[in-house]
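One structure below.
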Amino acid sequence: MRLFALIFFASALLCRGAESAAGRWEGPAQIPGRELKLVLDLSEEAGKGWIGSIIIPGLAVKGAPLIDRKASGPDLVFEIKGALGNEKAGPAEIQAHLTADNRLKGNFKQGGNTAPFVLEKTGPPQVELPPRNTAVSKELEGEWKGEYELMGYARHVTMKFTNRGPEGAGLEFIIVGKKTNNVPVSLVTQEGDFVTIKSDEFGMTYEGRFRKEAGEINGSLTQGPFEVPLLMRRKP
Amino acid sequence: MSIFRLAVAAVALFCAEFAQAQTMFRGDPAHSGNSAGQAPRQFHRVKWKFPTGDRLVSSPVLQDKQLYFGGDDGNIYAVEAETGRQIWKRPTGGPVPSTPAVANGMVYAASYDGKFYALNAQTGAVKWKFATGGERRFEAKGIHGLEPKNQTIADQFDVFLSSPVIAQSAVYFGSGDGHLYALDANSGELKWKFKTGNVIHASPAYADGVLYVGSWDSYFYAVDAATGKEKWRFHGGEDPLIHNQVGFQSSAAVADGVVYVGCRDSNLYALEAATGKEKWRFNNEMSWVISSPAVAEGKIFFATSDSSLYHVVDAATGKSVLKQLDKAYMFSSPTVAGDVVLIGVLNGSLVARDRNSGDLLWEFQTEASKQNKGWVLTADRKFNGPMLYYSSWREAPTVSTDRQFSIGAIFSTPLVANGVVYFGSTDGNLYAIE
């Protein structure tokens, strides 16, 4: 009886394994003239649905978050966040179907192009969680002003930090040059006195050291090939 | 009577053939960019294609029913315009992304081996060679913001070599050694050389005894063709930060006492030919103007790189007449051929537009562009950034640019004769389409 129960339990586990998309999946997507290796890590979190990340060696994509767009039974659709997106075609996508023989078959979509793939499960998932906004210190909260010069004319920068409880800090980030840009902020962190701000959409990063005694954040703004010093001070 | 008719017909045919001759880059010494022939208003077929051993950036020129062009495989070619049959090829020691010039039975072209070649137009035999101070691409530390910023990196977009212009029994061309050269066209003897501060890969334009050419030193020069003395210089933009918005890669066109030239500082300039004084500038908001402008009936035709725009502006005022959005960067120069304007696009398309309205008449797409290996292009045939420039480390930008140019990009400027359009592609083919 105990043996029967053990076999039954083991079979159930095997069956469950065969049916679950959770795991690390690897295989090539067939784009014209090139095999593109995909490594997907998928995990199902109670109450949160699917979480995941993707690695694409050769395209400098490592641990990009997979956002659950439409997971229903064996059919899964994930958006690749922060990498391979295209202004017109939108974000890159993984559309997959879990087959009865425990493979992920589907399409990799990018820039309006579509390539088929078949992925094999190679192990348990190693989902890379995206960095999250941290809270910022009380002294950093509020409005800061600065300016920098690029290509011959000045840009005026305003940053306004607010703490939002468990969501970490929020930031209003405005750059006024020839026109006013409300920079969409992807990440705000403060580690010690080191402040990092990222905008995936603008490809922009600001890194600065918060000097409480001087009342300033002394750092640099990087966008694509440009890196300029940017000193932020309290609003006068 | 029939003999008379035959003679008239023969003369007419000779004149037609003569009229269709386009013996140097942009068709004539002043670089008007006008073709004697009418381009087709509809695409019918590929008449022939001539494969070479590497990408083809040079533009074809035509004389006596023979096409001449350079190949990045190191050869200078002569090909029968009617059939695409090779007449001869002459190897040089480096790629030839220079458009040849033909005159008095000679073909002239520059090679990346640092030598300037004069060949017999019928046989390809070398008549003389002239060694410059050596070729190089424009280069700078941290160019375009590439890493490592302290390492000098060659500009991967410096794809052309200077194309020679022939006037007053001399042949004139620029060099990576920073000089504008004047050689005796017959003997190859140096008449003079004029020093600038950086690479010259634009082609000098010639009008009324003066040469007009820009350098990567940020200056545009007018030089006396007889003496090599500077007449004036004009200062374009500078970019000491990342060396992106600097240098004249575009070749000038001269018409009615005005010089029109594009610049990497994102402007198209109109300068007084006599003084160098700026008449107007047309700003393209950080988008390079590599394309060499064409001039026809009081209008300037040119295209931009990053913003992928085809522009027509009023020659007198610089005001926009029309603009059309294309799908990718344009380094090719527009050819005005009757009521059609043709231009190559780096996504592997040749685009034909109505000269007056700018409307798209037809598009030809190279096979490599259709195959879209490695998803260089998006589904709507624009450059697919994430699949091209995913690393900025050391040589990666060069590799990325090679990838970008792998889909049959058209740098070459189209030539039109007898209803046929000839141009080169980075898929290695010289195409004849009609």
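Bear in mind that the values here come from a model prediction, so they are computed numbers and not experimental data. Convention: sequence-line order gives letters A, B, ...; per-chain numbering from 1.
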When B:Lys373, B:Lys382, B:Gln371, B:Met286 are compared by non-hydrogen pairs under 4.5 Å with chain A, the top option: B:Lys373

Most contacts with chain A, counted as non-hydrogen pairs under 4.5 angstrom, among B:Gln245, B:Met387, B:His144: B:Met387

Region of A:Ala115 that comes under 4.5 Å of a non-hydrogen atom in chain B: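 Contact with chain B is through both the backbone and side chain of A:Ala115.
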
Chain B contact via A:Leu150 - side chain, backbone, both or neither, heavy atoms under 4.5 Å: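 Side chain only.
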
Portion of B:Asn372 that has a non-hydrogen atom of chain A nearer than 4.5 angstrom: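 Both backbone and side chain of B:Asn372 come within 4.5 Å of chain A.
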
Atom CD of A:Gln30: over 12 foreign heavy atoms under 6.0 Å: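 Counting neighbours around CD of A:Gln30, more than 12 heavy atoms of other residues, nucleotides or ligands fall under 6.0 Å, so yes.
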
Greater than 12 external heavy atoms within 6.0 Å of B:Lys149's NZ: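 Yes, NZ of B:Lys149 has more than 12 neighbouring heavy atoms, counting only those of other groups under 6.0 Å.
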
Main-chain N/O of B:Leu377 paired with A:Asn113 side-chain donor or acceptor, under 3.5 Å: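 Yes; at least one donor-acceptor contact below 3.5 Å.
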
Residues of residues 31-40 of chain A contacting chain B, heavy-atom criterion under 4.5 Å, by residue number: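 Listed by number, the contacting residues are A:Ile31, A:Pro32, A:Gly33, A:Arg34, A:Leu36.
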
Close approach to chain B in residues 77-91 of chain A, criterion heavy atom under 4.5 Å: A:Leu84, A:Gly85, A:Asn86, A:Lys88

